[in-house]
Amino acid sequence: MDWIGARRKYLTRPVFAWANKALPSMSDTEREALEAGDVWLEAELFTGNPDWQQLLDTPRPQLSAEEQAFMDGPVEELCGMIDDWKITWEDGDLPAEAWDFIRQNRFFGMIIPKKYGGLEFSAFAHSEVIRKISSRSATAAVTVMVPNSLGPGELLLQFGTEEQREYWLPKLARGEEIPCFGLTSPEAGSDAASMIDSGVICRDRFNGEEVLGIRLNWRKRYITLAPVATVLGLAFKLRDPDRLLGDTEDYGITVALVPTDLPGVTVGRRHLPSFQMFQNGPVEGEDVFIPLDHVIGGKEQAGQGWKMLMSALAAGRGISLPSLSAAAAAFSARTSGAYARVREQFNLPVGKFEGVQARLGQIAGTAYLLDAARRLTCAGLDGGRKLAVISAIMKAQATNRMRQAVNDAMDIHAGKAVIDGPSNYLGNLYRAVPVGITVEGANILTRNLIIFGQGAIRSHPHLLKEMQALEEEDRETALEKFDGAFWHHVGHGFKTLGRAWARNWTGGLFAPAPKAGKASRRYRQLSRRAASFALTADFALLTLGGALKRKEMLSARLGDILSELYLLSAALKRWEDEGRKSEDLPLLDWCMADGLATIDRSFAEVFANLPNRFFAAIARFVIQPLEAGRRGPKDRLTMQCAELLLAPSETRDRLTSGLYLGRGEDAVATLEEAFALSVLTERARETMRKAGIDEPETAVANGDITNEEAAQISNYRAVLARVVAVDDFAPAELSLHATPTNEEPRPVRAANA
Ligand SMILES: Cc1cc2nc3c(=O)[nH]c(=O)nc-3n(C[C@H](O)[C@H](O)[C@H](O)COP(=O)(O)OP(=O)(O)OC[C@H]3O[C@@H](n4cnc5c(N)ncnc54)[C@H](O)[C@@H]3O)c2cc1C
């Protein structure tokens with residue numbers, strides 16, 4: 001027996017027997033989810049020794065001339081057409097002219113190739129469009145984002161037959177067909193694969209001919225665009241009890257296109273999601289018959305629905321909600337900074353108080369980080385990858401941080417943001433936040449179960465190979481394959497242990513970093529945490545095996561560490577891409593300090609809760625021998641970030657670029673005007689304050705300020721009064737929406753008519 005044979009027999013075999021019991025077994029849906037999509041930079045982080053050059057070599061995402069023209073033309077124009085207050089409280093829908101404009105300008109065809117009549121935009125351009133519209137109206141943004149995200153368009157592109165693409169894609173691109181996507185049903189929410197919606201293979205008449213097809217019965221709810229959709233991408237469980245297709249009886253989850261005007265389909269009723277007026281509602285079908293060629297990808301794709309959905313999700317989820325969230329954080333930064341400068345209390349702008357600065361600094365850092373991560377993720381998607389793990393990180397992290405940023409913005413604006421009306425530019429965004437948290441994989445599930453659960457298996461350098469080996473039917477082949485993967489894993493484990501120990505015990509001083517100017521030492525800190533993460537993940541997997549899936553609190557913390565490592569890599573990349581601007585360094589440093597503190601806290605919590613106390617003690621000894629880690633951004637740094645929002649600067653403009661900031665009398669435009677006038681009149685107002693004079697005319701008479709300055713101050717005061725004003729209503733205006741009724745629900749527009 002050679003050495004390998006002996007190793008396999010005496011060393012690997014017992015481990016193999018243990019691993020068969022300990023490692024998570026995979027259900028079909030889990031396997032399909034794992035097979036969908038690609039891994040990218042997160043796999044580098046999982047090695048414990050990331051190759052930073054791969055990050056730095058990633059091309060900076062940029063708009064083509066055509067995409068830029070679309071941003072400056074149709075997107076700007078669409079934003080100008082939208083009055084979110086009117087949509088929400090008067091019309092209950094986007095105005096008809098906005099719907100037409102969206103269709104005519106092919107907003108619904110951003111991901112559709114030009115040869116089918118679409119715009120064929122890059123992921124970055126698509127994201128920029130959603131971002132800008134989001135800064136105007138979440139309702140409009142969701143309306144535009146859904147057909148470009150998970151749904152018939154994406155599914156047809158990835159899995160449709162050429163015939164299906166040629167038929168559907170031009171109509172979808174032109175907005176002649178409005179798509180929606182139906183997965184969620186009353187009994188199956190997060191556990192979507194447990195749906196009972198059914199399709200049975202049978203023969204029936206369709207367009208006057210008898211054909212082989214599927215009889216469908218379903219009840220879906222929460223479906224965005226369903227009330228106005230003309231075609232439904234439907235997920236259901238397909239069965240063939242009479243074996244009309246072949247030998248299989250249960251095909252499993254399948255996706256088909258169902259025109260909503262077929263007999264038996266009911267659409268039109270609406271849900272009211274957090275008072276956002278994008279079209280959303282139930283869609284039901286009773287004995288609806290479709291021919292077999294309505295299955296996306298044809299009959300070969302029958303039963304492949306789950307894999308298709310996971311793959312489509314890996315693409316769309318990285319763009320839609322992260323773009324909306326990045327917009328929300330940047331919008332919060334821009335408006336809160338401006339408002340905190342112009343709103344005075346105790347004779348000072350409220351932005352000068354440390355309590356307010358703590359929130360402003362946090363908003364600024366969050367806006368920097370989210371946009372960095374959005375751009376990096378778009379760059380990854382534009383590289384042709386379907387980012388399964390990263391898109392889950394982005395969805396959960398971006399929406400969660402949006403919630404924090406919008407909450408902070410609400411608190412800073414206080415009564416101004418609480419009182420609803422046309423001059424409140426934050427209230428509706430605040431209401432939209434829970435929608436982002438809930439859809440496309442609710443956040444608790446995504447954070448606790450998916451990010452590390454899927455990330456560990458997909459991105460770990462050896463784990464998936466080990467699991468795949470265990471699944472081999474032939475036990476000797478399984479042992480042989482497991483042996484190879486396992487010993488590579490052991491070698492990797494020892495290297496990781498050495499790295500983690502050396503990097504942590506030297507404070508990361510000698511950890512690898514690229515030549516990145518002032519940012520180099522920040523890369524070293526990430527290299528240090530990446531080694532610690534790889535070691536801790538291995539310990540958790542080794543000691544818990546498949547049980548880790550149920551230990552969701554531990555899994556969530558490991559997922560948080562992986563997420564922070566990705567987000568901080570993105571922040572470093574942004575700083576590099578933007579030309580290493582030293583004036584932006586406080587923002588980068590805030591992100592690093594905040595993220596490293598979260599990472600260190602998460603490590604400490606994992607060590608405190610890992611059931612195997614022996615391995616927990618080793619990990620703590622190697623990773624956090626002396627201290628519990630970083631404490632977060634210093635107050636001075638947070639204040640520096642806050643100051644960046646309180647005065648005009650290139651940094652502030654970079655942080656909030658690409659937002660729609662209103663026109664004319666609009667509330668945001670008025671705030672912008674007040675902010676500019678506040679800066680312009682600062683010196684003159686200060687002179688008056690010091691002289692104890694309140695009236696500009698008196699100050700002119702005293703020779704303290706010029707006539708021109710006096711006029712500017714009067715103008716500023718008038719504009720400021722409009723900023724500070726809130727709306728009020730005659731009681732009858734509000735009672736329209738307050739009367740509960742048992743009648744058939746009607747769209748708000750009808751109730752107003
Ligand atoms: C406005 C809106 C638009 C939507 N649009 C669409 C659409 O267009 N098409 C479509 O098909 N669906 C759509 N959905 C459905 C959406 O994807 C689901 O709401 C979502 O999947 C969660 O399902 P649920 O709301 O039933 O929550 P539930 O599944 O009931 O979950 C309740 C809570 O438990 C948590 N949870 C569940 N399981 C676990 C677990 N194993 N571990 C940890 N936590 C867990 C969840 O995170 C959640 O916090 C939409 C929903 C909304 C609200």
Side-chain angles (χ1 to χ4, degrees), residues 24 27 29-30 33 108 138-139 141-155 178-197 218-229 231-236 253 255-256 258 260 267 269-285 305-306 308-310 312-313 316-317 320-321 324 391-392 395-396 399-400 403 428 431-454 547-557 559:
S27 67
T29 48
E30 279 173 322
F108 289 152
T139 291
V142 172
T143 304
V144 169
M145 87 175 46
V146 165
N148 288 291
S149 182
L150 173 68
E154 178 72 38
L155 289 165
I178 301 289
C180 68
F181 180 69
L183 174 64
T184 307
S185 43
E187 67 287 345
S190 300
D191 185 11
S194 68
M195 72 182 80
I196 53 172
D197 308 295
W218 76 84
R219 268 174 65 212
K220 301 289 187 186
R221 66 174 183 183
Y222 303 160
I223 308 305
T224 303
L225 293 188
V228 295
V231 57
L232 161 70
L234 180 72
F236 56 93
I253 296 173
V255 184
V258 183
T260 56
V267 281
R269 293 175 69 90
R270 292 181 65 178
H271 297 308
L272 188 48
S274 271
F275 246 93
Q276 302 304 299
M277 292 298 164
F278 58 85
Q279 296 283 336
N280 181 283
V283 48
E284 297 182 7
W306 195 250
M308 290 159 68
L309 297 179
M310 290 303 109
L313 196 62
R317 178 154 75 165
S320 316
L321 292 165
L324 185 143
S391 64
K395 191 272 149 175
T399 52
N400 212 27
R403 169 143 70 187
N428 217 27
R431 274 187 294 273
V433 168
V435 176
I437 302 283
T438 301
V439 301
E440 295 194 0
N443 273 13
I444 298 181
L445 169 96
T446 307
R447 172 174 177 252
N448 288 263
L449 198 67
I450 307 292
I451 295 177
F452 184 74
Q454 215 178 70
L548 187 53
K549 206 159 72 174
R550 289 184 299 279
K551 288 272 172 204
E552 287 195 1
M553 293 194 199
L554 281 179
S555 180
R557 292 181 184 113

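Values reported hereafter were calculated over all heavy atoms of this structure, with side chains retained and with hydrogens, waters and symmetry mates removed. When a ligand or atom number is given, it counts from 1 through the structure's own listing order.
Of all atoms in ligand 1, listed by their number and element, those nearer than 4.0 Å to a heavy atom of L449 are 41 (N). The V439 neighbourhood of ligand 1 comprises atoms 2 (C), 3 (C), 4 (C), 50 (C), 51 (C), 52 (C), with distances under 4.0 Å to a heavy atom of that residue. Which parts of ligand 1 touch F278 is read off a 4.0 Å heavy-atom cut-off, strictly below it: atoms 1 (C). Taking every non-hydrogen atom of P273 and a distance limit under 4.0 Å, the qualifying atoms of ligand 1 come out as 1 (C). Residue contact check: G189 has heavy atoms under 4.0 Å from atoms 21 (O), 23 (O), 26 (O), 29 (O) of ligand 1. Counting atoms of ligand 1 from 1 in the listed order, those under 4.0 Å from a heavy atom of V435 are 1 (C).
Taking distance alone, with nitrogen or oxygen atoms compared against 3.5 Å, Y222 approaches ligand 1 more closely than that limit. Residue contacts with ligand 1: D191 is placed with no nitrogen or oxygen under 3.5 Å of a nitrogen or oxygen of the ligand (distance criterion only). Residue contacts with ligand 1: N443 is placed with no nitrogen or oxygen under 3.5 Å of a nitrogen or oxygen of the ligand (distance criterion only). Checked against a 3.5 angstrom limit, the closest N/O atoms of I223 and ligand 1 fall outside it. At under 3.5 Å, not a single nitrogen or oxygen of R221, backbone or side chain, sits near a nitrogen or oxygen of ligand 1.
Contact annotation for E552 and ligand 1: only side-chain heavy atoms (C-beta onward) come within less than 4.0 Å of the ligand. Contacts with ligand 1 closer than 4.0 Å are made by heavy atoms of both the backbone and the side chain of S190.
Counting heavy atoms from C-beta on, the side chains of M195 and I253 come closer than 4.5 Å. Inter-residue side-chain proximity for C180 and Q279 is flagged as unmet; no heavy-atom pair is nearer than 4.5 Å. Side-chain contact between E154 and N148 is absent, with no heavy-atom pair separated by less than 4.5 Å. The shortest side-chain heavy-atom distance between L225 and T143 falls under the 4.5 Å cut-off. Put simply, the side chain of F236 does not reach to within 4.5 Å of the side chain of V258, judged on heavy atoms. V142 places none of its side-chain heavy atoms less than 4.5 Å from the side chain of Q276. Two residues are said to be in side-chain contact when any heavy atoms from C-beta on lie closer than 4.5 Å; F181 and V255 meet this criterion.
Closest heavy-atom approach to atom 11 (O) of ligand 1 within the set L150, L183, T224: this belongs to L183. Looking at L445, I444, L309, N280 and measuring to atom 40 (C) of ligand 1, the nearest heavy atom belongs to L445.
Shortest non-hydrogen contact noted between P152 and G233 is CG-N, 3.9 Å. The shortest non-hydrogen separation linking G441 to R317 is CA-NH1, 4.2 Å.
Less than 4.0 angstrom separates atom 33 (C) of ligand 1 from none of the non-hydrogen atoms of the protein. There is no protein heavy atom less than 4.0 angstrom from atom 30 (O) of ligand 1.
Neither side chain, N448 nor S555, offers a donor N or O lying under 3.5 Å from an acceptor on the other.
Heavy atoms of T438 approach ligand 1 to within less than 4.0 angstrom.
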